[in-house]
Amino acid sequence: MRMKDMVVLITGGSTGIGKATAVRFAAEGAKVAITGREKAVLQATAEEIAAQGGEVIWIDGDVQLKSDVNRMVDTVLGNWGTIDVLVNNAGICSPASFLEIEESEWDRHMAINLKGTFLVGQAVARCMVQQGKSGSIINMSSVNGLAAEKDQAHYNATKGGINLLTMSMALELAPLGIRVNALCPGFIETRLTKPLIDNPAAFAPYLETIPMGRAGVPEEIADAALFMATSDSRYMTGHCLVVDGGQLIKLS
Ligand SMILES: NC(=O)c1ccc[n+]([C@@H]2O[C@H](COP(=O)([O-])OP(=O)(O)OC[C@H]3O[C@@H](n4cnc5c(N)ncnc54)[C@H](O)[C@@H]3O)[C@@H](O)[C@H]2O)c1
């Protein structure tokens, strides 16, 4: 077991990439706290992990709200006394052409994806520093933080922001023993990408942009997260790791 007794907080941990990461980390011996906004889904995922022998708690909370974020962190500390790893994963993506993005949608993406990553990252980093211990923070970015995709200007901007936030956090937290890295997944099969998957006329040409010719699955991002969470990546910080079936290496 590569994460025996390590305490992990995973935001957006009840579905998709967050859930796969929670399942994987629990199987590696970690104590896993999953958070999100949907109580029934959180409870079901926690029950699934517990049924597989994992140690897990769930906490409902909105990453945009500082009071919720503090409650999440306090709940983990109340249960297990510490936090070793944060997977800052909660996020949304609601496509719209640049000319049609509503101000409210721009604000919503910024508040959940970018501000949420900041709030949770700061709260957990403060706790790690107070306890004088090392830790690993993994921010869930995207290939959309490294190259622009049409109809995603607001989402692209949040993920580009997460990459620079990751480097900035890494710079200031490295002397304190905390590593901060970002994961940049390509197209992964989750409910976020289901609308495109369910539209064969649009999905077939999209797949041609991926040299490996297929979408990724959440477990493939969980594997990369495991690398970043453990001492296997102990000399790595401020890095944005692309896991995309080769999508970014093509000109078009
Ligand atoms: N699926 C992909 O192709 C892909 C690619 C690159 C990056 N990502 C990123 O991966 C992360 C997870 O996405 P996913 O694909 O697993 O989709 P998902 O919808 O299954 O997961 C998103 C999670 O975030 C939670 N969440 C949303 N808003 C929240 C809020 N305000 N407070 C707390 N939790 C909130 C949701 O409840 C959900 O559990 C996101 O940050 C997404 O941008 C996904």
Side-chain angles (χ1 to χ4, degrees), residues 9-24 32-46 58-73 86-95 105 107-121 123 138-147 149 152 154-163 165-166 182-198 203 206-207 209-210 212 214-222 224-225 240-245 247-248:
L9 172 61
I10 304 179
T11 65
S14 64
T15 61
I17 292 169
K19 176 181 176 181
T21 304
V23 168
R24 183 69 204 271
V32 179
I34 55 172
T35 77
R37 289 190 301 184
E38 299 151 291
K39 286 188 189 181
V41 187
L42 280 165
Q43 189 169 359
T45 298
W58 62 271
I59 310 154
D60 70 305
D62 189 331
V63 295
Q64 304 166 75
L65 305 175
K66 193 167 181 175
S67 54
D68 277 21
V69 170
N70 288 339
R71 182 172 48 75
M72 288 175 209
V73 170
L86 164 66
V87 185
N88 225 339
N89 166 76
I92 56 163
C93 175
S94 184
E105 276 297 276
D107 288 346
R108 196 168 72 95
H109 281 72
M110 288 294 153
I112 295 175
N113 294 6
L114 189 51
K115 182 180 166 188
T117 301
F118 157 68
L119 285 177
V120 184
I138 302 161
N139 292 331
M140 199 57 68
S141 181
S142 168
V143 288
N144 293 53
L146 297 165
E149 184 173 11
Q152 305 273 15
H154 45 342
Y155 180 76
N156 297 340
T158 64
K159 295 300 184 179
I162 286 174
N163 289 346
L165 175 64
T166 299
L183 272 174
C184 297
F187 189 90
I188 309 300
E189 283 177 25
T190 69
R191 67 181 185 177
L192 209 71
T193 51
K194 198 170 181 316
L196 182 55
I197 294 169
D198 288 347
F203 189 43
Y206 185 85
L207 277 183
T209 68
I210 304 172
M212 287 179 71
R214 66 170 178 85
V217 292
E219 290 72 19
E220 290 170 323
I221 304 306
C240 300
L241 182 67
V242 174
V243 185
D244 71 343
Q247 194 173 25
L248 272 192

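Worth knowing before you read on, the calculation uses all heavy atoms, side chains too, and leaves out hydrogens, waters and symmetry mates. As the structure lists them, so they are numbered: ligands from 1, and atoms in each ligand from 1.
- Under the side-chain contact (heavy atoms from CB on, under 4.5 Å) criterion, Arg108 pairs with Ile92, Ser94, Glu105, Ile112, not counting sequence neighbours.
- Scanning for side-chain contact (heavy atoms from CB on, under 4.5 Å) contacts around Ile59 gives Ala33, Thr35, Ile57, Arg71, Met72, Thr75, Val76, with sequence neighbours left out.
- Taking the side chain as every heavy atom from C-beta outward, Arg37 and Gln64 approach each other to under 4.5 Å.
- The residues Arg214 and Glu220 are annotated as salt-bridged, a charged nitrogen and a carboxylate oxygen being separated by less than 4.0 angstrom.
- Among residues at least two apart or in separate chains, side chain to side chain donor-acceptor pair (under 3.5 Å) pairs with a member in residues 183-197 are Glu38-Arg191, Lys194-Asp198.
- Annotation: ligand 1 has protein neighbours Gly12, Ser14, Thr15, Gly16, Ile17, Gly36, Arg37, Glu38, Gly61, Asp62, Val63, Gln64, Asn89, Ala90, Gly91, Ile92, Ile112, Met140, Ser141, Ser142, Tyr155, Lys159, Pro185, Gly186, Phe187, Ile188, Thr190, Arg191, Leu192, Thr193, each with a heavy atom less than 4.0 angstrom from the ligand.
- For the residue pair Asn139 and Thr117, no side-chain donor N or O sits within less than 3.5 Å of a side-chain acceptor on the partner.
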